[in-house]
Participant: 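My questions will all concern the structure given below.
Since the model is a prediction, treat every value here as computed from it, not as a measurement.
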Amino acid sequence: VGTIFKYDNNTSEITSVPSFKKQAFGANPYYTELVEYQGKIYGMTHNGGKSNLGVIFEWDPVTNAYTKKIDFNGLNGKNPYGDLILFNNKFYGTTSKGGANDMGVIFEWDPVTNIYIKKMDFDYNSGYEPLSSFILFNNKLYCMTSRGGTSDVGVIFEWDPVTNIYTKRVNFNMSNGGRPNNNKLTYFAGKFYGMTTYGGTDNEGAIFEWNPVTNVCVGKISFSEYITGMLPTSSLIEWGGKFYGTTQYGGSQQGALFEWDPVTNIYTKKVNFAGVLGEHPSGSLISFNNKIYGTTASGGVYSPGTIFEWDPVTSTHTVKATFNFITSGMNPLGGLLTYNGKF
């Protein structure tokens, strides 16, 4: 039902931490990236727990102690995708379903007192079924939903954790994107950028730009299967004034890594994933020591996924490690976190 793993970039060794030993401990973390707070690591699972609806967990990387902190039960939300975010010493997040309308909730959780508070129930008009994660900007939290809004293909919303005020900012309409899935927003030079898994000219995903001052959201790139890659389930990262990301499918084979210049709107496919190079990158990229790292959900020597490195200066793609089912897990769907010199 899943595992936390540690990767040493010096030895290329993946070590599994047998965390989710039983369904009751939490199971199947989907698109969740770990968060470090005061020396401990936090995250969520999509399933497992008392009601098999997901949990919030804490893991101590020093003692290797895993603790289930919160059970989702339906009324307080259920089946979370994505990450927790820390603001003023409390964690915030969303669930994809559950709550009063079974359309998901926004919640607040205090890791010190272990007090969990449901803050808001999603509904059809305001957007529902969030499959993405919050980002923090100017003390407000921004996120996307995969459904709801005027076209029922999702919205961008702003939520104030202090006042609990929710504001729908953008309705996706397919031309500017639709149905974001694990696609977080990225703030750069006064605007927000992001990807959606569907929408665009061919309904195979889009890159969009949103100006929060004018509230204008425009599609910049439409993904097309063999040309650009298709169906991105990751987020953009900015490095050196350009954006980098991956698509889960397409390219010439099983996904692509790309570079996009927001000034010139030039899109360049850099890597075609296939076979031993890894297949179907799903989690978001991370920059470390002037190189970019990520995971693929399958492919590699044994086929259950890889950790890869890409050098944006030399455009060199290197498989650093391959998962192997038993000792290191398989099929990662989240991104990497750096902690104490390891991923």
Side-chain angles (χ1 to χ4, degrees), residues 31-38 40-45 54-58 69-123 125-149 154-171 180 182-188 190-194 210-213 215 217 235 284 335 337:
Y31 303 121
T32 187
E33 297 178 11
L34 300 172
V35 182
E36 186 271 334
Y37 175 61
Q38 294 186 349
K40 295 183 180 179
I41 306 293
Y42 296 89
M44 298 188 288
T45 68
V55 309
I56 298 173
F57 65 85
E58 171 189 275
K69 304 296 288 186
I70 296 292
D71 285 284
F72 291 105
N73 60 25
L75 293 177
N76 67 0
K78 67 182 184 182
N79 304 128
Y81 282 75
D83 320 333
L84 297 165
I85 190 168
L86 188 68
F87 176 70
N88 284 346
N89 297 316
K90 294 181 180 179
F91 283 107
Y92 295 89
T94 63
T95 67
S96 66
K97 297 184 183 299
N101 304 309
D102 199 23
M103 294 181 174
V105 308
I106 296 174
F107 65 83
E108 171 190 277
W109 174 60
D110 189 325
V112 177
T113 64
N114 202 33
I115 293 175
Y116 176 102
I117 301 173
K118 183 181 72 172
K119 303 295 287 186
M120 200 203 83
D121 293 286
F122 288 101
D123 60 44
N125 290 326
S126 62
Y128 70 98
E129 198 173 294
L131 304 179
S132 304
S133 304
F134 281 124
I135 69 163
L136 178 67
F137 176 71
N138 282 348
N139 294 325
K140 293 183 180 179
L141 296 173
Y142 294 84
C143 190
M144 299 180 282
T145 69
S146 69
R147 300 293 302 276
V155 308
I156 300 174
F157 69 87
E158 170 191 282
W159 181 67
D160 190 325
V162 176
T163 64
N164 199 27
I165 293 175
Y166 177 102
T167 307
K168 180 175 67 173
R169 297 300 305 271
V170 172
N171 289 290
N182 191 40
N183 311 116
K184 282 192 289 190
L185 296 165
T186 301
Y187 185 81
F188 175 69
K191 296 179 181 179
F192 287 93
Y193 295 88
W210 171 50
N211 187 324
V213 177
N215 204 34
C217 180
S235 304
S284 294
L337 163 78

Participant: Counting only N and O atoms by type, is there a donor-acceptor contact under 3.5 Å from the side chain of Arg169 to the main-chain atoms of Pro212?
Facilitator: yes

Participant: Nearest 0.5 Å please: distance from the OG atom of Ser133 over to the OH atom of Tyr81.
Facilitator: 12.0 Å

Participant: Say whether, by atom type as modelled, one donor and one acceptor occur between the side chain of Asn101 and the main chain of Phe122 under 3.5 angstrom.
Facilitator: yes

Participant: Using 30° and 60° as the class limits, which term best fits the ring planes of Phe91 and Trp109: parallel, tilted or perpendicular?
Facilitator: parallel

Participant: Using the side-chain contact (heavy atoms from CB on, under 4.5 Å) rule, take Phe134 and Ile106 through it: C-alpha gap first, then chi angles, then the decisive distance, then the call.
Facilitator: CA-CA 10 Å; Phe134 281 124; Ile106 296 174; 4.0 Å; yes

Participant: Please state whether the rings of Phe192 and Tyr142 are parallel, tilted or perpendicular, taking 30° and 60° as the class boundaries.
Facilitator: tilted

Participant: From Asn171 CG over to Ser126 OG, what is the distance, rounded to the nearest 0.5 angstrom?
Facilitator: 10.5 Å

Participant: Are Phe157 and Tyr166 close enough that their ring centers fall under 6.0 Å?
Facilitator: yes

Participant: Should we count NZ of Lys140 as having more than 12 external heavy atoms under 6.0 Å?
Facilitator: no

Participant: Exactly one of Ser96, Cys143, Ser235 should register a side-chain contact (heavy atoms from CB on, under 4.5 Å) with Ser132. Which one does?
Facilitator: Cys143

Participant: Using modelled atom types and a 3.5 Å cut-off, is there a donor and acceptor pairing between side-chain atoms of Thr32 and backbone atoms of Asp83?
Facilitator: no

Participant: Taking atom NZ of Lys40 as the centre, report whether more than 12 heavy atoms of other residues, nucleotides or ligands fall under 6.0 Å from it.
Facilitator: no

Participant: Would you check if the side chain of Asn73 reaches a backbone N or O of Asn76 as a donor-acceptor pair within less than 3.5 Å?
Facilitator: yes

Participant: Please report the closest heavy-atom contact between Pro80 and Thr94, naming both atoms and the distance.
Facilitator: CB-O, 3.7 Å

Participant: Evaluate side-chain hydrogen bond (donor to acceptor under 3.5 Å, both in side chains) for Asn89 paired with Tyr37, printing each intermediate quantity in order.
Facilitator: CA-CA 9 Å; Asn89 297 316; Tyr37 175 61; 3.2 Å; yes

Participant: Without swapping roles, check the side chain of Thr95 against the backbone of Val105 for a donor-acceptor pair under 3.5 Å.
Facilitator: yes

Participant: Would Lys184 and Glu33 count as a side-chain contact (heavy atoms from CB on, under 4.5 Å) here? Give the steps.
Facilitator: CA-CA 11 Å; Lys184 282 192 289 190; Glu33 297 178 11; 3.7 Å; yes

Participant: Would you say the side-chain atoms of Asn211 pair up with the backbone N or O of Val213, donor to acceptor, closer than 3.5 Å?
Facilitator: yes

Participant: Distance check, rounded to the nearest 0.5 Å: Glu108 atom CD versus Asn88 atom CG?
Facilitator: 9.5 Å

Participant: Go through Asp102 and Lys97 one step at a time and tell me if the side-chain contact (heavy atoms from CB on, under 4.5 Å) criterion holds.
Facilitator: CA-CA 5 Å; Asp102 199 23; Lys97 297 184 183 299; 3.7 Å; yes

Participant: Do Asn164 side-chain atoms and Lys119 backbone N/O form a donor-acceptor pair below 3.5 Å?
Facilitator: yes

Participant: Let me see the working for Leu337 and Val35 under side-chain contact (heavy atoms from CB on, under 4.5 Å), right down to the final yes or no.
Facilitator: CA-CA 7 Å; Leu337 163 78; Val35 182; over 6 Å; no

Participant: Over all heavy atoms of both residues, which pair between Leu185 and Ile156 is shortest? Give the atoms and the distance, please.
Facilitator: CD1-CG2, 4.0 Å

Participant: How long is the span from the CG atom in Asp123 to the CG atom in Asn125, to the nearest 0.5 Å?
Facilitator: 6.0 Å

Participant: Please determine whether the number of non-hydrogen atoms from other residues, nucleotides or ligands lying under 6.0 Å from atom NZ of Lys191 exceeds 12.
Facilitator: no

